Amino acid sequence: MFQAPYPPYDPTDTSGFSYDTVVKRWPIILTNIIDHVHRLLHNMTLEIQQVRDSDVSKAEELSKKITEGQEIISEISRLKYRMARDHDLENIPQDGDILVAEYNAELESLKQASRDTWFRAPWLYAECYLYRLIRTYFNQRTSWRGYDPFSTQKEEMFKNSGAAIYQIATTMHELESEKVKLQGDSDKLEVLFKEMIQMCLWGNATDLSLLTHLSPSDIEHLQTVGKEAQEARSDFILKDDQGAVWSYIKTLANQGKRLDFVLDNAGFELFTDFVFADFLVTYTPYFSQVVFHPKLFPWFVSDVTPTDFANTISSLLSPTFFPPNSTTTPDSVAHLQHMVTRWKNYIDKGIFTLATDISNGQKMTEFWNGPWPYWNMNELAPELGQWMSGSGLVIFKGDLNYRKLAGDVKWPVSTPFPTAIGPLAGSFPLLSLRTNKADVAVGIDEKVAENLDNKGEKWRTSGKYALVSFLPGRINQ
Ligand code: F6P
Ligand code: MG
């Protein structure tokens with residue numbers, strides 16, 4: 001197994017970002033779950049009063065669910081207490097769900113090294129373990145098994161992005177009339193490619209105000225606005241392999257290649273992933289199918305689960321999902337319907353596929369919910385490694401995927417990207433689109449990093465800066 005020459009980030013450094021997360025972010029996430037379950041229990045109490053006389057078995061069912069919900073709340077409260085006092089991480093109980101043995105085996109080796117507490121464990125392990133542990137609280141209660149405590153939050157956030165979504169749908173609609181022209185004009189296609197890749201990249205930003213404003217009506221205009229907008233944003237992309245990835249993609253024409261998307265967040269970000277995938281399949285000759293890789297259980301609050309994936313399509317097709325806003329017009333509503341109906345057709349025909357729907361896909365997908373860096377994918381998840389080696393391009397979305405690619409260790413910033421991803425380099429063509437929300441960052445000019453540090457910019461963690469990192473399948477190919 002690959003070992004990096006640098007130690008992992010962990011919260012023992014009280015000035016570091018991971019310390020802040022353990023002390024502030026995790027307790028907030030846990031408190032939000034408690035509040036959410038509380039609200040549900042309150043509603044159930046009211047419901048019992050209504051059905052008590054008319055439907056006794058329903059009332060009993062609700063009352064059992066309330067008792068179990070209270071148990072969940074007290075387990076989470078206990079966890080908050082233990083976390084704040086740096087207690088040890090306890091074994092994940094057997095809850096009949098995935099990766100129990102794997103998490104506990106890693107925990108055992110941390111114990112041997114006396115690093116099995118909330119502040120001493122590597123941050124990456126502790127954070128993944130936290131979401132697996134939360135899963136057990138629900139799984140162990142019959143009436144809550146498999147419940148996603150973040151689903152309401154994910155849906156509410158998605159509802160807030162209606163304006164940008166309608167705007168993008170209209171832009172995509174305008175591209176349709178230019179489709180034939182575009183396919184013969186590689187320069188225009190390149191400009192558009194950069195628009196699309198950046199939309200997909202900034203779809204991962206915490207601060208959605210950084211989101212690209214895709215251009216209005218004609219392609220000429222799009223080129224100018226696109227270029228200007230790209231230039232304005234280019235200062236924020238600290239490693240920029242957009243040109244290299246486009247040069248590589250252009251070698252794939254008419255070969256029926258597959259694109260793999262290792263997804264990050266549900267809602268707006270997933271929408272931008274669909275748009276980018278749709279662009280590559282519908283408007284270019286380079287890819288003929290796309291496989292989307294979700295998470296099997298709720299993960300880092302907002303990541304896409306198979307349920308989110310399905311709900312995204314039905315929400316986008318529902319004319320009432322997004323609250324009306326000043327930019328919604330009957331035309332933009334129709335454009336969105338039209339585009340998402342195409343996606344639905346792609347799903348029906350297997351042009352777009354969720355990884356869990358392919359044979360052996362469930363097993364392959366488990367890896368993403370594990371605690372490991374991706375360095376040893378080929379040893380730890382051989383079926384997945386095999387699958388990826390047949391891909392035309394694998395896109396890793398978001399911050400956590402980047403942390404796992406680079407192992408979440410303290411690489412010097414100028415470390416070449418292929419060095420940081422260890423033995424995975426060269427296994428398959430790989431593109432990481434990441435806005436920076438955690439410390440690990442490589443492939444950056446030292447002087448650029450130093451300048452930002454001197455200006456007091458929190459460029460590693462604010463979500464305002466980004467990295468576009470590409471590696472072809474065989475290095476030097
Ligand atoms: O802000 C901290 C954090 O929770 C990191 O731990 C994690 O890497 C990131 O946010 C999640 O971001 P993303 O959804 O882009 O992977
Ligand atoms: Mg995420």
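Since we're looking at a predicted model, the values are computed, not measured. Both counts, for ligands and for their atoms, begin at 1 and track the order of listing.
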Using a 4.0 Å cutoff against the non-hydrogen atoms of [X], which atoms of ligand 1 qualify?
X	value
Asn204	15 (O)
Trp123	6 (O)
Asn265	14 (O)
Asp399	7 (C), 8 (O), 9 (C), 12 (O), 13 (P), 15 (O), 16 (O)

Contact between ligand 1 and [X] is defined here as a heavy atom of the residue under 4.0 Å from a ligand atom; is it met?
X	answer
Tyr402	no
Thr21	no
Arg434	no

Of the backbone and side-chain N, O or S atoms of Asn265, does one lie nearer to the Mg ion (ligand 2) than 2.8 Å?
yes
Between Asn401 and Tyr374, do the side chains contain an N or O donor and an N or O acceptor separated by less than 3.5 Å?
yes
Students should be able to answer this: which protein heavy-atom is nearest to [atom], and at what distance?
atom	result
atom 5 (C) of ligand 1	Arg403 NH1, 3.3 Å
atom 1 (O) of ligand 1	Arg25 CZ, 3.4 Å
atom 13 (P) of ligand 1	Asp264 OD2, 3.0 Å
atom 16 (O) of ligand 1	Leu400 N, 2.8 Å

NZ or CZ of Lys159 within 45° of Phe321 ring axis and under 6.0 Å:
yes
Taking the six-membered ring of Phe17 as reference, does the cationic atom of Arg460 (NZ for Lys, CZ for Arg) lie under 6.0 Å from its centre and within 45° of its axis?
no
Which N, O or S atom of Asp303 lies nearest to the Mg ion (ligand 2), by name
OD1
Of the N, O or S atoms in Asp264, the one nearest the Mg ion (ligand 2):
OD1
Using 30° and 60° as the class limits, which term best fits the ring planes of Tyr465 and Phe236: parallel, tilted or perpendicular?
tilted
